Amino acid sequence: MICKTEQEKEILREGGKRLAEIRSVLAEKTKAGVSTVELDELAYQLCTKDGDLPAFLNYTPFGAPRPFPSSICVSVNDVVVHGIPTEDPRVIKEGDLVTIDVGLVHKGLITDSAITVEVGEVKDREHRMVVAAREALDKAIKKVRAGVRVGEISKVIEQTVKEQGFGVPQELGGHGVGKSIHEEPSITNVFFGNLGPSLREGEVIAIEPIITMGKGDIVFDHKDGYTITTKDGSKSAHSEHTLIVTKNGSEILTV
């Protein structure tokens with residue numbers, strides 16, 4: 001776990017504000033008829049126009065077979081996370097659920113955020129799932145403060161989602177962030193009975209409820225090395241913010 005200095009926090013504040021603006025533009029442009037390639041190209045332009053970089057482009061997570069080839073992740077419908085917008089691209093249609101997951105490198109430090117966009121009219125239960133992901137994130141953020149153990153955050157995410165009848169993939173969750181995309185601690189979206197480490201003042205974390213219409217079972221073994229889908233073909237939703245842990249709460253950076 002890495003606690004950031006005051007100078008680093010200020011850089012992260014700047015980066016988080018920029019990232020929130022980029023995420024908002026991408027969400028606004030996520031409409032029927034737009035291709036995933038167009039969204040990725042726009043993301044690259046937005047990230048680099050002021051000298052920053054897209055954090056995901058050419059990043060190689062632990063265990064990945066190759067660097068990630070796109071600037072953002074665009075995950076449509078049954079794609080839960082890590083959809084590659086530039087490979088096997090698709091045109092977005094009415095009724096799609098599209099998750100835009102984007103990270104920004106600003107002055108060497110990283111912030112991370114995601115949003116699921118409802119394209120046109122979607123089914124009522126699908127809309128409620130998107131709302132449930134946001135609600136789980138909001139409740140999880142309210143739990144955050146120095147001294148809270150990460151399992152308490154996992155508990156509230158799982159409880160919020162399951163009470164509304166949606167699934168939670170146990171393999172996915174949030175993480176520390178800042179000097180790299182993935183730092184300690186791991187913040188699972190399911191409580192495994194271990195409360196884990198306590199958060200410390202000055203830590204920077206990304207909390208990201210990732211939920212599904214079905215049971216939450218997912219499939220990893222896609223040929224591209226990144227795409228993760230629901231096992232039952234059901235749709236999914238994802239909501240994420242980066243925040244600084246404070247003595248009595250948190251400071252959300254990506255708003």
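Worth saying up front: this structure is predicted, and the values here are computed from it rather than measured.
Counting heavy atoms from C-beta outward, V34 and L39 have side chains that approach closer than 4.5 Å. The shortest side-chain heavy-atom distance between V74 and I100 falls under the 4.5 Å cut-off. Within the 4.5 Å cutoff, no side-chain heavy atoms of D217 are placed close to those of D232. Here the side chains of I110 and L104 are not in contact, with every heavy-atom distance at 4.5 Å or above. Counting heavy atoms from C-beta outward, K247 and R145 have side chains that stay 4.5 Å or more apart. By the 4.5 Å heavy-atom criterion applied to side chains, S154 and I157 are not counted as neighbours. In this structure the side chain of C47 reaches within 4.5 angstrom of the side chain of I22, judged on heavy atoms. For the pair T111 and H106, the minimum side-chain heavy-atom distance is 4.5 Å or more.
Rounding to the nearest 0.5 Å places CG of D112 at 5.5 Å from CG of D101. For the atom pair H82 NE2 and F220 CZ, the distance stands at 8.5 Å (nearest 0.5 Å). In this structure, the separation between CD1 on I244 and SG on C3 is 11.0 Å, given to the nearest 0.5 Å. Once rounded to the nearest 0.5 Å, the distance linking CD1 of I11 with CG of L253 reads 12.5 Å. Atom CD1 in I228 sits 12.5 Å away from atom CG in D78 (nearest 0.5 Å). Distance check, rounded to the nearest 0.5 Å: CD1 of I207 to CD of E240 gives 9.5 Å.
Sorted by first then second residue, the salt bridge (charged side-chain N to carboxylate O under 4.0 Å, His left out) pairs that include residues 168-187, not counting sequence neighbours, are K4-E183, E8-K179. Residue pairs meeting the ring pair (Phe, Tyr, Trp, His ring centres under 6.0 Å) criterion with at least one partner in residues 14-72, sequence neighbours excluded, are Y59-H182, F68-Y226. Counting only residues at least two apart or on different chains, no side chain to side chain donor-acceptor pair (under 3.5 Å) pair has a member in residues 190-199.
The minimum heavy-atom distance linking I115 with A27 is given by the pair CG2-CB, 4.3 Å. Contact record, G95 with N77: O-OD1, 4.4 Å, taken as the closest heavy-atom pair. Contact record, I181 with A55: CD1-O, 3.2 Å, taken as the closest heavy-atom pair. Contact record, T36 with P85: OG1-O, 2.8 Å, taken as the closest heavy-atom pair. In this structure, V122 and E118 approach most closely via the heavy-atom pair CG2-OE1, 3.2 Å. Contact record, A133 with I211: N-CD1, 3.7 Å, taken as the closest heavy-atom pair.
The hydrophobic cluster containing V190 does not contain V81, counting ILVMFWY residues as joined when their side-chain heavy atoms lie under 4.5 angstrom apart, directly or transitively. V177 and L243 are assigned to two separate hydrophobic clusters, defined by single-linkage of ILVMFWY side chains at heavy-atom distances under 4.5 Å. Each of I2 and V150 belongs to its own hydrophobic cluster when Ile, Leu, Val, Met, Phe, Trp and Tyr are linked at side-chain heavy-atom distances under 4.5 angstrom. The hydrophobic cluster containing I218 does not contain F166, counting ILVMFWY residues as joined when their side-chain heavy atoms lie under 4.5 angstrom apart, directly or transitively. L172 and V168 sit in two unconnected hydrophobic clusters of ILVMFWY residues. Membership requires side-chain heavy atoms under 4.5 Å apart, directly or through other members.
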ask   = Going through the distances and angles, do I205 and V144 end up as a side chain to side chain contact (heavy atoms under 4.5 Å, CB included)?
value = CA-CA 10 Å; I205 59 174; V144 174; 4.3 Å; yes

task = Could you give me the CA-CA distance, side-chain angles and deciding distance for V119 and V98, then say whether side chain to side chain contact (heavy atoms under 4.5 Å, CB included) is met?
result = CA-CA 7 Å; V119 181; V98 182; 3.9 Å; yes

request  = Decide side chain to side chain contact (heavy atoms under 4.5 Å, CB included) for V204 and V245; before the verdict, give the C-alpha distance in whole Å, the side-chain angles of both, and the deciding distance to 0.1 Å.
outcome  = CA-CA 6 Å; V204 178; V245 178; over 6 Å; no

message = Between I141 and S250, does the side chain to side chain contact (heavy atoms under 4.5 Å, CB included) criterion hold? Intermediate values first, please.
response = CA-CA 7 Å; I141 289 172; S250 66; 3.6 Å; yes

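For T229, the side-chain hydrogen bond (donor to acceptor under 3.5 Å, both in side chains) partners two or more places apart in sequence, or in a different chain, are H222. The side-chain hydrogen bond (donor to acceptor under 3.5 Å, both in side chains) test applied to H241 returns T254, not counting sequence neighbours. D50 meets the salt bridge (charged side-chain N to carboxylate O under 4.0 Å, His left out) test with no other residue; sequence neighbours excluded. Residues satisfying the salt bridge (charged side-chain N to carboxylate O under 4.0 Å, His left out) test with K162, not counting sequence neighbours, are E158. Partners of K9 by side-chain hydrogen bond (donor to acceptor under 3.5 Å, both in side chains), not counting sequence neighbours, listed by chain and number: E6. In this structure, the side-chain hydrogen bond (donor to acceptor under 3.5 Å, both in side chains) partners of S70, at least two apart in sequence or on a different chain, are T86. Evaluation of the side chain to side chain contact (heavy atoms under 4.5 Å, CB included) rule for V156 yields K139, A140, K143, T160 as partners, not counting sequence neighbours. Under the salt bridge (charged side-chain N to carboxylate O under 4.0 Å, His left out) criterion, D52 pairs with R18, not counting sequence neighbours.
Judged purely by atom type and a 3.5 angstrom limit, T116 has no side-chain atom pairing as donor or acceptor with the backbone of A237. With hydrogens and angles disregarded, a donor-acceptor distance shorter than 3.5 Å links the side chain of D40 to the backbone of S71. Side chain of T48 to backbone of G51: no donor-acceptor contact under 3.5 angstrom is found. Remark: side-chain polar atoms of E152 are not paired, donor with acceptor, to backbone N or O of R149 under 3.5 angstrom.
Counting side-chain heavy-atom gaps under 4.5 Å among Ile, Leu, Val, Met, Phe, Trp and Tyr, V37 is found in no cluster with other residues.
For the residue pair T212 and S236, no side-chain donor N or O sits within less than 3.5 Å of a side-chain acceptor on the partner. With no hydrogens or angles considered, no side-chain donor-acceptor pair links S24 and E21 at under 3.5 Å. Using modelled atom types and a 3.5 Å distance limit, the side chains of Q45 and E41 yield no donor-acceptor pair. For the residue pair R23 and S113, a side-chain donor N or O sits within less than 3.5 Å of a side-chain acceptor on the partner.
Salt-bridge formation is detected for the pair E126/K235: a Lys NZ or Arg NE/NH1/NH2 atom is positioned less than 4.0 Å from an Asp or Glu carboxylate oxygen. The residues D124 and R128 are annotated as salt-bridged, a charged nitrogen and a carboxylate oxygen being separated by less than 4.0 angstrom. One finds a salt bridge joining E10 and R13 here, because a Lys/Arg side-chain nitrogen approaches an Asp/Glu carboxylate oxygen to under 4.0 Å.
Around CG of D88, the count of heavy atoms belonging to other residues, nucleotides or ligands within 6.0 Å does not exceed 12.
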